[in-house]
Amino acid sequence: MPEEELVELKFRLYDGSDIGPFRYSPSSTVSMLKERIFAEWPKDKKIIPKAANDIKLINAGKILENNKTVGQCRVPFGELPKGVITMHVVVQPSLAKAKSDKVDDTPRKHFCGCTIL
């Protein structure tokens with residue numbers, strides 16, 4: 001049985017700098033990639049993710065799901081064997097955290113200003 005061919009990936013950050021390239025097995029998950037990016041994230045950047053879940057990976061214009069594998073994500077690049085694939089990285093805090101951090105204490109008045117003739 002032939003050895004599994006590794007996929008070479010680099011990750012482009014918001015400012016145009018890169019993390020990587022690194023070599024991954026096609027069976028590696030997107031979640032594993034995010035953990036690696038989080039661990040390798042440069043400390044001198046203005047925007048820093050607080051957790052690996054704050055990172056979104058984009059490949060071929062699509063946001064990649066955590067449970068997908070590298071092999072499933074590279075389908076459009078089947079014609080480019082042994083090329084380095086660039087994935088774009090976006091830092092976006094999870095919505096659950098963002099909603100819980102925002103507290104609105106102002107009382108709201110619900111009324112209708114409509115007039116029915």
Side-chain angles (χ1 to χ4, degrees):
M1 183 166 118
E3 255 186 64
E4 195 174 56
E5 188 175 319
L6 296 178
V7 179
E8 196 164 7
L9 302 174
K10 69 178 177 180
F11 306 100
R12 178 83 27 100
L13 304 181
Y14 64 91
D15 63 354
S17 62
D18 293 332
I19 295 177
F22 302 113
R23 299 182 74 119
Y24 293 96
S25 163
S27 61
S28 299
T29 64
V30 170
S31 183
M32 293 167 67
L33 301 181
K34 289 179 178 184
E35 290 291 339
R36 176 78 182 260
I37 293 167
F38 182 68
E40 300 282 336
W41 193 271
K43 303 300 179 209
D44 61 339
K45 299 291 180 194
K46 289 181 185 176
I47 300 173
I48 299 174
K50 293 182 177 154
N53 282 338
D54 291 349
I55 296 172
K56 306 292 181 225
L57 284 179
I58 301 171
N59 185 35
K62 296 186 180 185
I63 297 175
L64 306 180
E65 298 173 25
N66 286 342
N67 59 350
K68 297 281 185 183
T69 65
V70 171
Q72 292 170 325
C73 296
R74 86 170 219 187
V75 172
F77 298 100
E79 297 82 30
L80 299 173
K82 300 187 182 180
V84 177
I85 298 171
T86 301
M87 292 187 177
H88 294 268
V89 179
V90 176
V91 177
Q92 181 181 22
S94 65
L95 293 176
K97 288 181 186 176
K99 286 183 180 178
S100 66
D101 290 346
K102 185 178 178 182
V103 177
D104 188 10
D105 291 340
T106 58
R108 296 179 184 231
K109 297 178 184 176
H110 298 285
F111 63 91
C112 178
C114 302
T115 304
I116 301 174
L117 300 174

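- With values rounded to the nearest 0.5 angstrom, Ile48 atom CD1 is found 8.5 Å from Trp41 atom CH2.
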When you look at Tyr14 and Val91, which way does the side chain to side chain contact (heavy atoms under 4.5 Å, CB included) test go after all the steps?
CA-CA 8 Å; Tyr14 64 91; Val91 177; 5.5 Å; no
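- By the 4.5 Å heavy-atom criterion applied to side chains, Thr69 and Ser25 are not counted as neighbours.
- Hydrophobic clustering (ILVMFWY, side-chain heavy atoms < 4.5 Å, transitive): Ile55 and Leu13 are in one cluster.
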Take Thr29 and Ser31 through the side-chain hydrogen bond (donor to acceptor under 3.5 Å, both in side chains) test and state the conclusion after the steps.
CA-CA 5 Å; Thr29 64; Ser31 183; 4.8 Å; no
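- Asp15 CG to Ile47 CD1: the interatomic distance, rounded to the nearest 0.5 Å, is 9.0 Å.
- Between Asn53 and Asn66, the closest side-chain pair of non-hydrogen atoms falls below 4.5 Å.
- Residues Leu57 and Ile37 form a side-chain contact, since some pair of their non-hydrogen atoms from C-beta on lies under 4.5 Å apart.
- Side-chain atoms of Tyr24 and Arg36, non-hydrogen and from C-beta on, do get closer than 4.5 Å to each other.
- Considering every non-hydrogen atom in both Arg12 and Lys10, the closest pair reads NH2-NZ, 3.5 Å.
- Atom OG of residue Ser28 and atom NZ of residue Lys68 lie 15.5 Å apart, to the nearest 0.5 angstrom.
- For the pair Val84 and Leu9, the tightest heavy-atom approach, listed with the atom from each and the gap, is CG1-C, 4.4 Å.
- Contact of the Glu40 side chain with the Phe22 side chain is registered, since non-hydrogen atoms from C-beta on lie closer than 4.5 Å.
- A distance of 15.0 Å separates CE of Met87 from NZ of Lys56, quoted to the nearest 0.5 Å.
- You'll find the side chain of Lys34 stays beyond 4.5 Å of the side chain of Pro49, heavy atoms only.
- Counting non-hydrogen atoms of other residues, nucleotides and ligands closer than 6.0 Å to NZ of Lys45 gives a total above 12.
- Ile19 and Met32 end up in different hydrophobic clusters when Ile, Leu, Val, Met, Phe, Trp and Tyr side chains are linked at under 4.5 Å.
- Remark: Lys43 NZ is packed, more than 12 non-hydrogen atoms of other residues, nucleotides or ligands lying under 6.0 Å away.
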